[in-house]
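Below is one structure, written out as C-alpha cells, with a few remarks after it.
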Amino acid sequence: MAAVVVSVAALMGLARATDSILYFGLIAMAIAAGAWGSGFAGEDPELDRTASVRWPVYRAAHLLVATAVAVGVVLALWSTVDPPLLPPGVVWRDLAGLAGLTALGAVTIGGRLAWAPPLGWAAILLLVPPDPTGVWPVITWLAQPEGSTAALITAVVLGVAGFACYAGFGPRPARW
C-alpha cells in the first residue's frame, strides 16, 4: 500500500511538472495495479490444494478488494489536484483492465512477475501514440478518452478474463 501511494504521488508530481500528464498518469495506474501482483502468488501449491478453503471465492474477493483499493488510492490522490489528471470513469476502466492483466500475469507467469504485463502494456503507450482509428484503440485502450467503446470492451475483456482465470485456476506455482 505504501509503495502504491508513494509511486502514484511521485508520478503525479512529475505529471504536473511536465506536459505528459496522460502518460505519467497511466504509468502510475499500471504501478498501482502491478504493486499487489506478488500478493497473487500462493504460498505452497500443495498446501493450497489440501486446505479446506474455497479458493475460487477467496481469490475472487482478493482481486476485487485489491482493485477497489487501487482505484480508491488513485482517485484520492488525484482529487488533491485541480483539475484531476484523468476522469474517474477512465480511472475505473483502466484499473479494472490492468487488474485483470495483473491477474492473468499471476496465472501465466507467476506472482513474482505479475507486475510486468500491466507495466509493459502502459509502456507501449510511450512508443505508440493513441489513435482512435483501426485496431489502435484496442492496443492503446489505456489512453483512449472516456467514451471509447473499443477501450471499454478491451478493459472489460481483460478484467473478466483475468478475474475468471485467477479465481478458477489460481496463480502459477513458483519454481525456485
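All of these numbers come straight from a predicted model, not from anything done at the bench. One is the number of the first residue; the rest follow in order along the sequence.
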Mind listing the closest non-hydrogen atom pair of [X] and [Y] along with its distance?
X: Thr102; Y: Pro118; result: OG1-CG, 3.2 Å
X: Arg59; Y: Pro171; result: NE-CD, 3.9 Å
X: Ala150; Y: Val138; result: CB-CG2, 4.5 Å
X: Gly97; Y: Leu158; result: O-CB, 3.8 Å
X: Ala103; Y: Leu63; result: CB-CD2, 4.0 Å
X: Arg172; Y: Thr108; result: CD-O, 3.2 Å

Margin query: I'd like to check the side-chain contact (heavy atoms from CB on, under 4.5 Å) partners of Leu152; sequence neighbours left out, ordered by chain and number.
Written below: Arg93, Val156
Note to self: The criterion is side-chain contact (heavy atoms from CB on, under 4.5 Å); which residues satisfy it with Val65, sequence neighbours excluded?
What the structure shows: Val69
Next item on the list: May I ask you to test the Leu104-Pro117 pair for a side-chain heavy-atom distance under 4.5 Å?
Entry: no
Notebook entry, point to check: If you look only at pairs with a residue in residues 142-167, which of them pass as a ring pair (Phe, Tyr, Trp, His ring centres under 6.0 Å), with sequence neighbours excluded?
Noted result: Phe40-Tyr166
Notebook entry, point to check: More than 12 foreign heavy atoms under 6.0 Å from CH2 of Trp121: is that the case here?
Noted result: yes
Notebook entry, point to check: Counting only N and O atoms by type, is there a donor-acceptor contact under 3.5 Å from the side chain of Ser148 to the main-chain atoms of Ala151?
Noted result: yes
Check: Given the rule in the side chain to side chain contact (heavy atoms under 4.5 Å, CB included) test, do Leu98 and Leu142 qualify, once you have shown the distances and angles that lead to the verdict?
Finding: CA-CA 9 Å; Leu98 288 169; Leu142 285 167; 3.9 Å; yes
Next item on the list: Would you give the length of the straight line joining atom CH2 of Trp115 to atom CG of Leu101, rounded to the nearest 0.5 angstrom?
Entry: 12.5 Å
